[in-house]
Amino acid sequence: MTVPNTHARCVILGTGSALPERRVSNEELSQTVDTSDSWITERTGIKFRHIASPDETTSSLAIASARNALDAAGLQGSDIDLIVLATATPDHTFPATATKVQAALGMTRGAAFDVAAVCSGFLYALSVADSMMRTGMASKALVIGAETFSRILDWEDRGTCVLFGDGAGAVVLGLETPAADDPSPRGILATQLHSDGRHHDLLYVDGGPSTTGTVGKVRMKGREVFRHAVVNLAEVLDQTLALQGLTSADIDWLVPHQANARILDATARKLGLSRSKVVVTVDTHANTSAASVPLALDTAVRDGRIQRGQLLVLEAMGGGLTWGAAIVRY
Ligand code: UT7
């Protein structure tokens, strides 16, 4: 517990990620599903996805990504007093997968819990952690997006099974009070979250403990989700930038949810942003749901594209429908 400091900002101290060992190409998929490399590439931009083996789980990927992020931040699990883990594919119905990560990292204090907002999960988790930290409820947090979506795919439904992959990404957050004369202090400047439950049946899982008693499989009305994604993302990005008195010209990197290359292109076009400023990993990771934004972020940090001091805009949209954005000076 820390004393609330209204001037403090949450800063990203380190990023990390983890992918299952097995990488599956479109060609390999087309041997078991009625699809083709050309259809998947043209409609989605996806070439590969990583698929978890039976002994790779959401928690094992989350733990690996968290260790990676802690190393980057120069911290240990015992330094952390909050874990917020976004997932739609927890290890168990309960307890929260975050508590497994907590135990594995040797963290015995603070709080660890999951949030469920599917593909927008990381934005939700980031926003929750940011709010908790700035109100004094924690001082160092791990925010993780981790999924094994392959476990809930209907491998006979070519409209969904080619789109998703498994993985995890994490960030370590700390609190920093900017110097009074710092014109552009680093940290999370703003987050915006939205949901519209009227569209819950556009993207959902047809099972669950209180309905069928089974885990269920992913069902999606892809074309309709696509339409909502383009409109909602443009709107939330405009809104979040405007609240900070910023425009798209201020953005160094857009780090979007990686659902479909065509959605990324449309969003960049609507923002008037060059495609060279968009971090794209959908080609090699496919859609990893809550993991996709932190995986893309870590990829671009580690390959040197994202530099300290740059302005990043993160966004995602997914089942619920849920969507959100964050502006971060890295
Ligand atoms: O992360 C959460 C948010 N999710 C999204 O943002 C996903 C949004 N939606 C999409 O990305 C796209 O709608 C899809 C990639 C899912 C589908 O692309 P589309 O251009 O909307 O295609 P469609 O669903 O309208 O299907 C066009 C045709 C259909 O055939 P007919 O009816 O025209 O003969 C499908 O049966 O493509 C067929 N099709 C396929 N063909 C080969 C659907 N899936 C496949 C496939 N391989 N895998």
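Note that the coordinates shown come from a computational prediction; the quantities given were computed from them, not determined experimentally. As the structure lists them, so they are numbered: ligands from 1, and atoms in each ligand from 1. Values below: every heavy atom of this structure, side chains too, minus hydrogens, waters and symmetry copies.
The option with the heavy atom closest to atom 14 (C) of ligand 1, from among Leu233, Thr288, Asn260, is Asn260.
Residue Val33 does not touch ligand 1, judged by heavy-atom distances below 4.0 Å. Both the backbone and the side chain of Thr35 come within 4.0 Å of ligand 1, counting heavy atoms alone. Heavy atoms of Leu163 found under 4.0 angstrom from ligand 1 belong exclusively to the side chain. For His257, every heavy-atom contact with ligand 1 shorter than 4.0 Å involves the side chain, none the backbone. When heavy-atom distances to ligand 1 are checked against a 4.0 Å cut-off, Trp39 comes that close only through its side chain, counted from C-beta outward.
Screening Arg329, Arg9, Arg186 for a salt bridge (Lys or Arg N to Asp or Glu O under 4.0 Å) with Glu176, the sole residue that qualifies is Arg186.
Within a 4.0 Å radius of atom 27 (C) of ligand 1, the protein contributes at least one heavy atom.
Looking at atom 1 (O) of ligand 1, its nearest protein heavy atom turns out to be Asn287 ND2, 2.6 Å. Looking only at protein heavy atoms, the nearest one to atom 21 (O) of ligand 1 is Arg223 CG, 3.9 Å. Nearest protein neighbour of atom 9 (N) of ligand 1, counting heavy atoms only, is Gly222 O, 3.0 Å.
In this structure, CE in Met317 is found 12.5 Å from CG in Leu123, a value given to the nearest 0.5 Å.
Put simply, the side chain of His200 does not reach to within 4.5 Å of the side chain of Leu321, judged on heavy atoms. Residues His194 and Gln192 are in side-chain contact: their nearest non-hydrogen atoms beyond the backbone lie under 4.5 Å apart.
Classification of Arg151 and Glu56 as a salt-bridged pair fails, no side-chain N sitting under 4.0 Å from a carboxylate O. Under a 4.0 Å N-O distance rule, the pair Asp206/Lys217 does not qualify as a salt bridge. Salt bridge annotation for Arg134-Asp130: present, with a cationic side-chain nitrogen under 4.0 angstrom from a carboxylate oxygen.
Contact between Ile40 and ligand 1 is absent, with no heavy atom of the residue lying under 4.0 Å from the ligand. At least one heavy atom of Leu203 lies less than 4.0 angstrom from ligand 1.
With no hydrogens or angles considered, a side-chain donor-acceptor pair links Asp166 and Ser150 at under 3.5 Å.
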Query raised in the report: Under the side-chain hydrogen bond (donor to acceptor under 3.5 Å, both in side chains) criterion, do Ser292 and Gln258 qualify, and how do the steps go?
Result: CA-CA 6 Å; Ser292 95; Gln258 309 283 322; 5.7 Å; no

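Every atom of ligand 1 with a heavy atom of Thr44 under 4.0 Å away is listed here by number and element: 15 (C).
The N/O atoms of Arg43, backbone and side chain alike, include one that comes under 3.5 Å of an N/O atom in ligand 1.
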